[in-house]
*Asks:* 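I have a structure here, written as structure tokens, and I will follow up with some questions on it.
Numbered from 1 within each chain, the chains take letters A, B, ... in sequence-line order.
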2 protein chains.
Amino acid sequence: MSRATLRDVALLAGVSPKTVSRVVNREPGVTEAKVTAVTAAIEKLGYRPNFTASSLRRAGGRTATIGVVLENVANPFSSSLHRAMEDVAREHGVSILAGSVDEDPARERDLINIFAGRQVDGLVVAPASGNQGYLTTELLAGTPVVFVDRPPVGIQADTVVIDNRAGARRAVEHLIAHGHHTIGYLGDLRSIATARDRLQGYRDALADQGIRPGPVVEDVHTEREAEQAVHRMLAGSRPPTALFTAQNLVTIGAIRALRALRRQHAVALVGFDDFPLADLLEPGVTVVAQDPTAMGRLAASLVFRRLAGESGEPAVHEIPTRLIPRGSGEIQNVV
Amino acid sequence: MSRATLRDVALLAGVSPKTVSRVVNREPGVTEAKVTAVTAAIEKLGYRPNFTASSLRRAGGRTATIGVVLENVANPFSSSLHRAMEDVAREHGVSILAGSVDEDPARERDLINIFAGRQVDGLVVAPASGNQGYLTTELLAGTPVVFVDRPPVGIQADTVVIDNRAGARRAVEHLIAHGHHTIGYLGDLRSIATARDRLQGYRDALADQGIRPGPVVEDVHTEREAEQAVHRMLAGSRPPTALFTAQNLVTIGAIRALRALRRQHAVALVGFDDFPLADLLEPGVTVVAQDPTAMGRLAASLVFRRLAGESGEPAVHEIPTRLIPRGSGEIQNVV
DNA sequence: CTGAAAGCGCTTACAG
DNA sequence: CTGAAAGCGCTTACAG
């Protein structure tokens, strides 16, 4: 009923536990007769080695598991990161423990404690807001920690981010180039570093051209809030002719609002973050795209490089963004 | 440098390992003075209990981890399942090891072996095609296994599926009700059980009304293939006035083809599986929607019920589908 | 080529 | 209230 152990196999095969261990780990130098006997016993008992127990004793004590802390495993950005890391991990024979933080710093800390308690060999963390200084313990204990999507606060570690400020600037320059002078900004929670950077990029682009900032709404976190914010913005005293929506869900909410007002072909829009089917909407949605696959692969690779013994100062890696024109961002301002 | 152990804490606090264990596990009956000393030592050394080691010895030997084998953690359906299971698991203090199979039976088996080797307390598997009989070992060893999305082959176990045949039938009846008599079918690999069921539902609906089946194309697995198949179908000798696309990516590929031909407002379409932004396309895409959140929650719950000792025969649970009219499925056939 | 002893970090089952 | 001994399932470090 209960699971067979290495000892059970040894007893049945009439050999010592150590010999079973040799067969299981394909160590050379075991008589063919014993290999056969052990193999038969393993088969008969349905024996599966307890990897957890072996890693407890094995030199190095690696568990061949890394912990991945994401915003939400179900959102397209997080899940693309996740998949990219899985592919890299798999090349190294490593499994992934994943969890969702939902922007909750306490949850982030809980997850990391849980993963650390399970002796993960490394961690990749897309941090919520707040401070990640508590991870110093891990780093000192030699567990590689890599941050992805957002830089950590209160700790120095390898980090993979995009250049949010430059990407946002690029988006707004694109709108300016199409004749817009009143460009509205809608962005995520100001507690999020990337949201602050994107707002800064928006301001940079306008300041550069001596253009006065348009209406700015921060702390927009859901589709619904974005929709309402756009309704208010367009009904306001200085309605923008173009919008820069600094996050995925915000972009979609804004599109819903423009649709409801039948202004989707009149008000230009560039969104930050690509999303599925953006090209199938009418107009197609112009975005500044991140490359979550590249980010995930690099983040996981950095963990493995550190595990392979690479030393040196932690570095911040910036993955470039790409502006993808699809229609909505190329709507000209008619004066 | 290296991680402190329970023994290190005991030494520093001047107590026995057992006492440290008591404090860590909040067992009652330890002098306050010793609790203080141990707590201080834990703090000083940055000690974190090795949960893996404790589960090795602990009665029951549970690892508070379940393994989740999905088609692809990055696809919206899989990742919604994943998130729903995470939420249930979290209520039980359990973490999730997740992996992607990509329709590869060998990969499925590998993943399950890896998870079993890590002593997961239970498994949720969205099986690839092929046979899952090899899981009998797990079941016999007392590890709960629950299948989700697709029924297993070669083994009896708790299963959570939708009624694919009824859902497909519903979709096609909807098209018939809008006057269509030539309804094309495009479906996924015939090696996939759900794809076969959906084709059967399509046939049921037509047979019921004495309508001759329209053009049928199976083994369409990618967006690109779907796009090409629709082009061929509409250029064929018996062009359909409506399409039933039996899977997510197939639906999207079909929409691309209709767009390219400017027939999206002329040819009716109902898709199986909902997808993000389906309501924002023009026309909105009518779908038969599954409820991955309900499926994931139920699947995870079944694992925990078994872990809690629930016995009884394994059961197949069918989650109902829902037809969501959004425009594309309500295009009337003009005769 | 093979195995007996010790130990990974922790908990169980006792004894005091 | 506290701790010494044994053991979870495996591997290391030896010895033969």
*Asks:* Just checking, any donor-acceptor pair under 3.5 angstrom between side chains of B:Q132 and B:E108?
*Replies:* yes

*Asks:* Would you mind writing out the side-chain donor-acceptor pairs for residues 30-40 of chain B within the sub-3.5 Å range, not counting sequence neighbours?
*Replies:*
from  : atom 1 : to    : atom 2 : distance (Å)
B:T36 : OG1    : B:E32 : O      : 2.8
B:T39 : OG1    : B:V35 : O      : 2.5

*Asks:* Which residues pass the ring pair (Phe, Tyr, Trp, His ring centres under 6.0 Å) test with B:F304, sequence neighbours left out?
*Replies:*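 By the ring pair (Phe, Tyr, Trp, His ring centres under 6.0 Å) rule, B:F304 matches B:H92.
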
*Asks:* Expressed as a whole number of angstroms, how long is the span from B:R58:CZ to C:dC10:P?
*Replies:* 11 Å

*Asks:* Does a side-chain N or O from B:N25 land closer than 4.0 Å to OP1 or OP2 of C:dT11, or not?
*Replies:* yes

*Asks:* So what does the secondary structure string of DNA chain C come out as, 5' to 3', with Watson-Crick or wobble pairs under 3.5 angstrom, [ ] for crossing and | for pairs with another strand?
*Replies:* |||.||||||||.|||

*Asks:* Roughly how many Å is it from CD in A:E27 to P in D:dT11, rounded to a whole number?
*Replies:* 8 Å

*Asks:* Table please: side-chain donor-acceptor pairs of residues 20-28 of chain A below 3.5 Å, with sequence neighbours left out.
*Replies:*
from  : atom 1 : to    : atom 2 : distance (Å)
A:S21 : OG     : A:N25 : ND2    : 3.4
A:N25 : ND2    : A:S21 : O      : 2.9

*Asks:* Can you tell me the distance, in whole Å, between the CZ atom of B:R26 and the P atom of C:dT11?
*Replies:* 13 Å

*Asks:* Rounded to the nearest Å, what distance is computed from the CZ atom of residue B:R7 to the P atom of nucleotide C:dT11?
*Replies:*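 It works out to 16 Å between those atoms.
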
*Asks:* Please state how far atom CD in B:Q119 lies from atom C1' in C:dC10, giving the value in whole angstrom units.
*Replies:*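 In whole Å, C:dC10 C1' lies 16 Å from B:Q119 CD.
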
*Asks:* Give every donor-acceptor pair under 3.5 Å between a side-chain atom in residues 58-80 of chain B and any protein atom, sequence neighbours left out.
*Replies:*
from  : atom 1 : to     : atom 2 : distance (Å)
B:R58 : NH2    : B:S54  : OG     : 2.5
B:R62 : NH2    : B:L307 : O      : 3.0
B:T63 : OG1    : B:Q119 : O      : 2.7
B:T63 : OG1    : B:D121 : OD1    : 3.3
B:T65 : OG1    : A:R118 : NE     : 3.1
B:T65 : OG1    : B:T63  : O      : 3.0
B:E71 : OE1    : B:N75  : ND2    : 3.4
B:N72 : OD1    : A:R83  : NH1    : 2.9
B:N72 : OD1    : B:A74  : N      : 2.9
B:N75 : OD1    : B:F77  : N      : 3.0
B:N75 : OD1    : B:S78  : N      : 2.7
B:N75 : OD1    : B:S78  : OG     : 3.3
B:S78 : OG     : B:N72  : N      : 3.4
B:S78 : OG     : B:N72  : O      : 3.3
B:S79 : OG     : B:N75  : O      : 3.1
B:S79 : OG     : B:P76  : O      : 3.3
B:S80 : OG     : B:P76  : O      : 2.9

*Asks:* Just to verify, what does A:R90 make a salt bridge (charged side-chain N to carboxylate O under 4.0 Å, His left out) with, not counting sequence neighbours?
*Replies:* none

*Asks:* What's the CG-C1' distance between A:L56 and C:dT11, to the nearest Å?
*Replies:*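 After rounding, the gap between these two atoms is 13 Å.
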
*Asks:* Figure out the CG/P separation between B:L6 and C:dG7, and round it to whole Å.
*Replies:*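 From B:L6 CG to C:dG7 P: 17 Å.
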
*Asks:* Rounded to the nearest angstrom, tell me the gap between atom CZ in A:R118 and atom C1' in C:dC10.
*Replies:* 15 Å

*Asks:* Counting neighbours of NZ on B:K44 that are heavy atoms of other residues, nucleotides or ligands and sit closer than 6.0 Å, is the number greater than 12?
*Replies:* no

*Asks:* How would you list, by chain and number, every residue that makes a ring pair (Phe, Tyr, Trp, His ring centres under 6.0 Å) with A:H317, sequence neighbours excluded?
*Replies:* none

*Asks:* Hey, does the side chain of A:S54 come within less than 4.0 Å of D:dG9's phosphate (OP1/OP2), counting only N and O?
*Replies:*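 For A:S54, the contact criterion (side-chain N or O under 4.0 Å from OP1 or OP2 of D:dG9) is not met.
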
*Asks:* Look at the side chain of A:R57 against the base of C:dG7 and say whether a donor-acceptor pair falls under 3.5 Å; ignore hydrogens and angles.
*Replies:* yes

*Asks:* Give every pair of a protein N or O atom and an N or O atom of nucleotides 2-5 of chain D that lie under 3.5 Å apart, one pair per line with the distance.
*Replies:*
from  : atom 1 : to    : atom 2 : distance (Å)
D:dT2 : OP1    : B:T31 : OG1    : 2.3
D:dT2 : OP2    : B:T31 : N      : 2.9
D:dT2 : OP2    : B:T31 : OG1    : 3.1
D:dG3 : OP2    : B:S16 : N      : 3.2
D:dG3 : OP2    : B:S16 : OG     : 3.3
D:dG3 : OP2    : B:T19 : OG1    : 2.6
D:dG3 : N7     : B:R22 : NH1    : 3.1
D:dG3 : N7     : B:R22 : NH2    : 3.4
D:dG3 : O6     : B:R22 : NH2    : 2.7

*Asks:* Quick one: list whatever passes side-chain contact (heavy atoms from CB on, under 4.5 Å) with A:N113, sequence neighbours left out.
*Replies:*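 A:R109, B:R48.
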
